[in-house]
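I have placed the structure first, in the form of structure tokens, so that the comments after it can refer back to it.
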There are 2 protein chains.
Amino acid sequence: MNQSVRLTHSVRRRLLHEDVAEHLRTMITEETLAEGSRVDEVELCALLDISRTPLREALKVLQSEGLISIEPHKGARVTAMSEADLGELFDVLSGLERLAAELAAQRASDEELEAFRALNDEMETQYRARDPRAYFALNLQVHQRVIDLSGNRQLKRVHSLLSGRTRRGRYSSTLSDAHWDESVQEHNALVQALLARDGKQAGRILFDHVIKTGDTILDMMQHQKIAQA
Amino acid sequence: MNQSVRLTHSVRRRLLHEDVAEHLRTMITEETLAEGSRVDEVELCALLDISRTPLREALKVLQSEGLISIEPHKGARVTAMSEADLGELFDVLSGLERLAAELAAQRASDEELEAFRALNDEMETQYRARDPRAYFALNLQVHQRVIDLSGNRQLKRVHSLLSGRTRRGRYSSTLSDAHWDESVQEHNALVQALLARDGKQAGRILFDHVIKTGDTILDMMQHQKIAQA
DNA sequence: GCTAGCAATATTTAATTCATAATTATGTTT
DNA sequence: AAACATAATTATGAATTAAATATTGCTAGC
């Protein structure tokens, strides 16, 4: 079985299992792999045109990321995330982003904070234009930027790990209008607090904001469930 | 090559690569595998009497835990942790434990808090007995208990991930006397705040405490380095 | 004497094969 | 007819083998 041609990127050699892992992540996010469904190794191998070794290595990685659960001698499953899990996840994320805001207020340069303000303004523009899609994309960037401004790489690592696990939840839900207005105000307050170098305040604002976002998403999921029933 | 006999635990089947991963973790913690040193696959396989497949699967897991770094076609290395990394790690841990304390103050039962107080008392006994080793072991338990009391499994997951990466630092350094006295006081203050259900206060105390602990360890490492030079 | 290119060696990656455990189905017995 | 036991099938776990890539050492040319 000849495998499809892979380009060798000159800068950074890619590993097959890394590609496979990334592929699986998107499959999980986009629910091509349903939640809780078993992962048939040979079936997936045939689909991706690879052998079992790189697939199994990728599964191990996804397992330690929490996206895949493996039971010995019974195979891999897409981790079923309950609403309780999602709620817990947002609690942790709020804790992490609070810390990030506090650190950012201390360590970010004036230029970085100014750029952050600009990014936030851009997002507000999309809010005024009532473009939820563009707003959503920028919103992700804003939160990511706060993490980056903290200058803490360990924080960045763990944040991306956890936020990756909320992707499916966020993907399947768009923002509620009621939360939207409030959200924009909170973001502006965050910018002000950061510019004033008030870390505690910035942390408080972002903490509450992320908690609210999580609650909103959970509410929407419950409504969807009721609507489906 | 016949492999050595492995017992099959009736309750929970173990997977070879899990055992290997755990083995490697302790090897890294105890510096049997030196920081930054290359991991020779065939050599390790011979040492552990396994084939390369489970070893490679274990390495993938350790990589996503951050203990191992893999460069494509160049092999695996024990991740070299700079002091900056360790400092960042403690910052994140303080953020996580602050959150845990806040949640614990809200959600823990009276009985759980009472048991926590008892655990803390036990630790203080070892402090009075000036038994650093026993104190150290109990101290780890206390911090772990706060995480457990938060009732947040995601928090527990990520905390154990990060605290695992500080094991080497903590292992190689014992507490300084100056920090010790202060530390005990802070722990008592934490217990009081939790019993009073004052989450904010408990969070503040634990946050500051972990930061100080990290600073102390970093100080000691620098002194050790100077002493060695 | 030094650098560049080539060859040889060693090491890693991935596919294949073999073994073992779990599940399912079938047959028998109560 | 239902339930249990056993056999057959299927899928996972691990070892081996083959292929690809990097590194090192040597030789030739400048």
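Just the heavy atoms: all of them, side chains too, but no hydrogens, waters or symmetry mates, feed the values below. Quick note on labels: first sequence line is chain A, next is B, and so on, each numbered from 1.
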Between [N] ([atom2]) and [X] ([atom1]): distance, integer Å:
X	N	atom1	atom2	result
B/L16	D/dG13	CG	P	11 Å
A/R77	C/dA22	CZ	P	15 Å
A/Q63	D/dT12	CD	P	14 Å
A/I70	D/dG13	CD1	P	7 Å
B/K74	C/dT9	NZ	C1'	17 Å
B/R56	C/dA14	CZ	C1'	8 Å
B/E41	D/dA15	CD	C1'	14 Å
B/K60	C/dT13	NZ	P	6 Å

Looking at the base of D/dA15, is there any donor atom on it, or on the side chain of B/T53, that sits under 3.5 Å from an acceptor on the other one? yes
Regarding A/H159 and A/E97, do their side chains bring together a donor and an acceptor under 3.5 Å, going by distance alone?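 Yes, A/E97 and A/H159 have a side-chain donor paired with an acceptor closer than 3.5 Å.
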Any donor-acceptor pair under 3.5 Å linking the side-chain atoms of B/T216 with those of B/D219?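 Note: B/D219 and B/T216 side chains miss the donor-acceptor criterion.
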Is the phosphate of D/dT12 approached by A/R38 (side-chain N or O, under 4.0 Å from OP1 or OP2)?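 Yes, A/R38 has a side-chain N/O under 4.0 Å of OP1/OP2 on D/dT12.
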Which nucleotide sits closest to the side chain of [X]: [options]?
X	options	answer
A/H73	D/dA15, C/dT11, D/dG13	D/dG13
B/S51	C/dT12, D/dT16, D/dG13	D/dT16
B/P54	C/dT11, C/dT13, D/dA14	D/dA14

Give A/V20 one of three labels, base, sugar-phosphate or nothing, depending on what nucleic acid heavy atoms sit under 4.0 Å from its own.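 Counting heavy atoms under 4.0 Å across all strands, no contact is made by A/V20.
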Give the ring-plane orientation class for A/H209 versus A/H143, where under 30° counts as parallel, over 60° as perpendicular and anything between as tilted. parallel
In sequence, state the C-alpha distance, the side-chain angles, and the governing distance for B/E65 and B/R165, and then conclude on salt bridge (charged side-chain N to carboxylate O under 4.0 Å, His left out). CA-CA 8 Å; B/E65 287 178 10; B/R165 297 185 59 185; over 6 Å; no
Could you check A/E57 against A/R52 and say which one's nearest nucleotide on DNA chain C is further toward the 5' end?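 The answer here is A/E57.
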Salt-bridge test for A/R107 and B/D91: reply yes if a basic N is under 4.0 Å from a carboxylate O, no otherwise. yes
